[in-house]
2 protein chains.
Amino acid sequence: MTVARVRSGGRPTLEEVAARAGVGRGTASRVINGSPRVSAHTREAVEAAVAELGYVPNRAARALAGNRTDAIALVVPESESRFFAEPYFSDIVRGVGAALAETDMQLLLTLAGSDRERRRLAQYLTAHRVDGVLLVSVHADDPLPDLLEQLGMPAVMSGRRSASEPLAAVDSDNFEGARSAVDHLISRGRRSIATITGHLDVYGAQRRLDGYRKAVASAGLDPDERLIAPADFTEEGGARAMRDLLARRPDVDAVFAASDVMAAGARQVLREEGRRIPDDVALVGFDDSAVARHMDPALTSVRQPIEEMGREMTRVLLQEIAGEDLERPQIVLPTELIVRDSS
Amino acid sequence: MTVARVRSGGRPTLEEVAARAGVGRGTASRVINGSPRVSAHTREAVEAAVAELGYVPNRAARALAGNRTDAIALVVPESESRFFAEPYFSDIVRGVGAALAETDMQLLLTLAGSDRERRRLAQYLTAHRVDGVLLVSVHADDPLPDLLEQLGMPAVMSGRRSASEPLAAVDSDNFEGARSAVDHLISRGRRSIATITGHLDVYGAQRRLDGYRKAVASAGLDPDERLIAPADFTEEGGARAMRDLLARRPDVDAVFAASDVMAAGARQVLREEGRRIPDDVALVGFDDSAVARHMDPALTSVRQPIEEMGREMTRVLLQEIAGEDLERPQIVLPTELIVRDSS
DNA sequence: GCGTAGAGTGGGAGCGCTCCCAAAAGGTAG
DNA sequence: CTACCTTTTGGGAGCGCTCCCACTCTACGC
């Protein structure tokens, strides 16, 4: 892997490569950057010199001269523990990494939780330290998307804040995911199907509720509002919601929770109340996280294609950076229902 | 053409800041970089100009001129799913981010799983694209640590490969963690305590086994080798090991698994065999992951201070970059036993 | 009063690249 | 063979910063 090279001074420069190939600096640069305006003969000579010297372009010099950085930032709201929970973060990163592997773009990780960090972030972007931005888990009142739009900075977000975004967005199909989960419960013969929702100012949570409603309506079931319990994506919230549901509608025979963690909370309450899962009450979650796989009984859950979302976001961002203007694509990726013992 | 540039758009430069403050470029630079050789009066003038113009230094120019990048790389072996599993990855990142928040260092995320990527990585490092490297989850036969040592690149690893490393390393106290877990089982009156180990060519796994042995010996218990079942950190491996244990020593009344995931596999088998947890067999895991919290019964587990490890690694790396030579500190952070229902 | 040591300051000389213009080389038609 | 295009090529001019040398200006000693 490492060629022992006796060089007088540090890393070779473009100038040295050019000299070795017997061409000018400009020509060498053209070859390195794949310009077509170079004769085949010259190209070969330069490529040989590059190989012999083990030349690697200096990023800083390139960035300074070319006014670009060959780097994108992944902005992570560290305050939001939900995002950091398995499997979201690692899967997104994996997808982004996969999409970036083909290019020589660098991935900058930016934790922007506190105000202080958001201020720093704004500076980063303004100072053009990156060519593009990947925004994940954006809050409804997050100013960042608009700021980026204003600055004309290429950016893609995952998880929309509303139906119409100023930025390109990649999301999973929350509506269909929820609907498929409830359809599944219906096909199992359940009739009194409740749902535990997430914060409804999160667009995805709203869409999951919409999907639930749609499935219930399509099946001609009773659309009782008492079967809808709002919660906040936490385990405690899920437990509380489950208690409310049991109090209001003791005949409930199935629950669709908008996250696995809330389902875990619900399961706890159901068990305390002596309801068997799935015999008395069937339970379905959302996310297909480790929690679902290791719950007892194993939890049926809606899987989101997180890694693919990361890949897709990156793909769109790279296109935007390349200047292929695709006026804010809003991409929606399909979910998959993973059926386990709880339903 | 020597006409002073009148820049209407774009970011302000140092030159412009200097002009505005009525000083030379060199002096302005000194203020920006906190040099003490500037009079208070001048400093104030420059700082005012910086504030008025909203000046942010250009990283590329700084890197090019100063021969440093103000960036460190976090090298992640993406192939190893164990690392990507919760909570390791996100917690490390959180810790690193926290330590970096004080500085204006950037964090570069590098997925180096495949050979192709490792080659690229070597180039990155050789081309001095970063000032330092954070290495996590290093394999026993990983060449990277030695390569970095050779190149004289500041680097810190988490999780050692052996007792003596060429690089600074930060690790959790696997030995004491394991010992405390087994001590706990002993204090609960267990006498036939088995262990399910991870791959023993992983240093941490070996240390956990050592801790187990030490605790067993200290308590004067029977050090039966049949109570030691080697596995591989996977759920299936844990299940297989548990089956072996039950076959060899049906009287086993406690199991210390070297990871929560393996404990989950063991739990499955115990349940199948009709052994109650913790009544018949007490179970303890390692990692304190989501799996542990959501297992039924909730799993007693050894918590590693992952986030703190990330913070500590970064702290050490920054010192190394700053040139404070602390000859390869080997830092070991304490673990904590989280007692739950399974023991 | 003259010298001398700092402290404080200005700006030239790059860092290694891309951009772009002008010159050289090669082709073609008349 | 000449005029005129069309590639192909070389290299100057920066990009915005840090480093460092030389210079100015003070304060102090004798």
Side-chain angles (χ1 to χ4, degrees), chain A residues 7-46 49-50 53-71 104 123 126-129 131, chain B residues 1-7 9-46 49-50 53-71 104 126-129 131:
Chain A
R7 297 201 44 72
S8 43
R11 308 290 315 159
T13 68
L14 226 209
E15 199 84 47
E16 293 174 298
V17 169
R20 174 128 190 173
V23 302
R25 178 169 31 78
T27 302
S29 174
R30 257 167 242 130
V31 173
I32 303 289
N33 293 290
S35 159
R37 330 187 70 63
V38 183
S39 70
H41 175 258
T42 305
R43 178 181 308 283
E44 276 162 31
V46 174
V50 166
L53 297 176
Y55 171 75
V56 179
N58 179 314
R59 258 179 198 263
R62 193 175 250 183
L64 183 56
N67 199 37
R68 53 168 181 153
T69 61
D70 285 337
D104 71 336
Q123 285 194 327
T126 323
H128 285 295
R129 283 172 178 174
D131 294 342
Chain B
M1 190 159 87
T2 42
V3 179
R5 283 160 308 168
V6 180
R7 302 171 55 83
R11 308 292 316 158
T13 67
L14 226 208
E15 198 84 49
E16 293 173 303
V17 170
R20 174 129 192 168
V23 303
R25 181 170 27 80
T27 303
S29 173
R30 258 167 241 129
V31 173
I32 303 289
N33 293 290
S35 158
R37 328 186 72 66
V38 183
S39 71
H41 175 259
T42 304
R43 177 181 310 283
E44 275 162 31
V46 173
V50 165
L53 296 176
Y55 171 75
V56 179
N58 179 314
R59 256 180 200 261
R62 193 174 249 183
L64 182 57
N67 197 37
R68 57 172 178 149
T69 61
D70 286 337
D104 71 335
T126 322
H128 284 296
R129 284 174 177 172
D131 294 342

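Protein chains get the first letters and strands the later ones, always in sequence-line order, with residue 1 at the start of each.
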[X] versus [Y], closest heavy-atom pair with distance:
{"X": "A/Leu64", "Y": "B/Ala61", "answer": "CD1-CB, 3.7 Å"}
{"X": "B/Ala60", "Y": "A/Ala63", "answer": "CB-CB, 3.6 Å"}
{"X": "B/Tyr55", "Y": "B/Ile32", "answer": "CE2-CD1, 3.8 Å"}
{"X": "B/Ala28", "Y": "B/Leu14", "answer": "CB-CD2, 3.5 Å"}

The criterion is side-chain contact (heavy atoms from CB on, under 4.5 Å); which residues satisfy it with [X], sequence neighbours excluded?
{"X": "B/Ala65", "value": "none"}
{"X": "A/Ala21", "value": "A/Val23, A/Ala45, A/Val46, A/Ala49"}
{"X": "B/Asp70", "value": "B/Arg59, B/Arg62, B/Arg68, B/Met105, B/Asp131"}

>> Can you list everything that forms a salt bridge (Lys or Arg N to Asp or Glu O under 4.0 Å) with A/Glu15? Sequence neighbours excluded, please.
In response: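 For A/Glu15 the salt bridge (Lys or Arg N to Asp or Glu O under 4.0 Å) partners, ignoring immediate neighbours, are A/Arg25.
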
>> If the condition is salt bridge (Lys or Arg N to Asp or Glu O under 4.0 Å), which residues does A/Arg20 pass it with, not counting sequence neighbours?
In response: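 For A/Arg20, the residues satisfying salt bridge (Lys or Arg N to Asp or Glu O under 4.0 Å) (neighbours in sequence not counted) are A/Glu52.
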
Distance below 4.0 Å between [X] side-chain N/O and [N] OP1 or OP2:
{"X": "B/Arg62", "N": "D/dT18", "result": "yes"}
{"X": "A/Ser39", "N": "D/dT9", "result": "yes"}
{"X": "B/Asn33", "N": "D/dT18", "result": "yes"}

Please report, rounded to the nearest Å, how far the [atom2] atom of [N] is from the [atom1] atom of [X].
{"X": "A/Arg68", "N": "C/dT18", "atom1": "CZ", "atom2": "P", "answer": "7 Å"}
{"X": "B/Arg11", "N": "D/dG16", "atom1": "CZ", "atom2": "P", "answer": "12 Å"}
{"X": "A/Leu53", "N": "C/dG16", "atom1": "CG", "atom2": "P", "answer": "14 Å"}
{"X": "A/Arg129", "N": "D/dG16", "atom1": "CZ", "atom2": "C1'", "answer": "13 Å"}
{"X": "A/Ile32", "N": "C/dC17", "atom1": "CD1", "atom2": "P", "answer": "8 Å"}
{"X": "B/Arg43", "N": "C/dA7", "atom1": "CZ", "atom2": "C1'", "answer": "13 Å"}
{"X": "B/Glu15", "N": "C/dG14", "atom1": "CD", "atom2": "C1'", "answer": "15 Å"}
{"X": "A/Leu14", "N": "C/dC15", "atom1": "CG", "atom2": "P", "answer": "14 Å"}

Closest approach to the side chain of [X], judged atom by atom: which nucleotide of [options] is it?
{"X": "A/Thr13", "options": "C/dT9, C/dG16, D/dT9", "value": "C/dG16"}
{"X": "B/Val38", "options": "C/dT9, D/dT9, D/dC17", "value": "C/dT9"}
{"X": "B/Thr27", "options": "C/dT18, D/dC17, C/dG10", "value": "C/dG10"}
{"X": "B/Ala65", "options": "C/dT9, C/dC15, D/dG10", "value": "C/dC15"}

> Start at the 5' end of DNA chain C and walk down; is the nucleotide closest to B/Ala28 or to B/Gly66 reached first?
Replying inline: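 That would be B/Ala28.
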
> If you find the nucleotide of DNA chain D closest to A/Leu64 and the one closest to A/His41, which residue's nucleotide is nearer the 5' end?
Replying inline: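 By nearest-heavy-atom nucleotide position, the 5'-most residue is A/His41.
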
> Side-chain donor or acceptor of A/Arg25 under 3.5 Å from a matching atom on the base of D/dG12?
Replying inline: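 Side chain to base: pair found, below 3.5 Å.
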
Collect all protein-nucleotide pairs involving nucleotides 20-22 of chain C in which both atoms are nitrogen or oxygen and the distance is under 3.5 Å.
unit_1	atom_1	unit_2	atom_2	d
C/dC20	N4	A/Arg30	NH2	3.3

>> Over the length of the helix from C/dG1-D/dC30 to C/dG30-D/dC1, how much do the five-pair end axes diverge, rounded to 10 degrees?
In response: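 End-to-end axis angle for the helix from C/dG1-D/dC30 to C/dG30-D/dC1: 50°, rounded to 10°.
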
> Pairs in or reaching into residues 28-46 of chain A: which pass salt bridge (Lys or Arg N to Asp or Glu O under 4.0 Å), with residues at least two apart or in two chains?
Replying inline: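 Pairs touching residues 28-46 of chain A that pass the test: none.
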
Show the distances under 3.5 angstrom between N or O atoms of the protein and N or O atoms of nucleotides 4-6 of chain C.
none

> With A/Ser35, which residues qualify under side chain to side chain donor-acceptor pair (under 3.5 Å), at least two apart?
Replying inline: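 Result, side chain to side chain donor-acceptor pair (under 3.5 Å) vs A/Ser35: none returned.
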
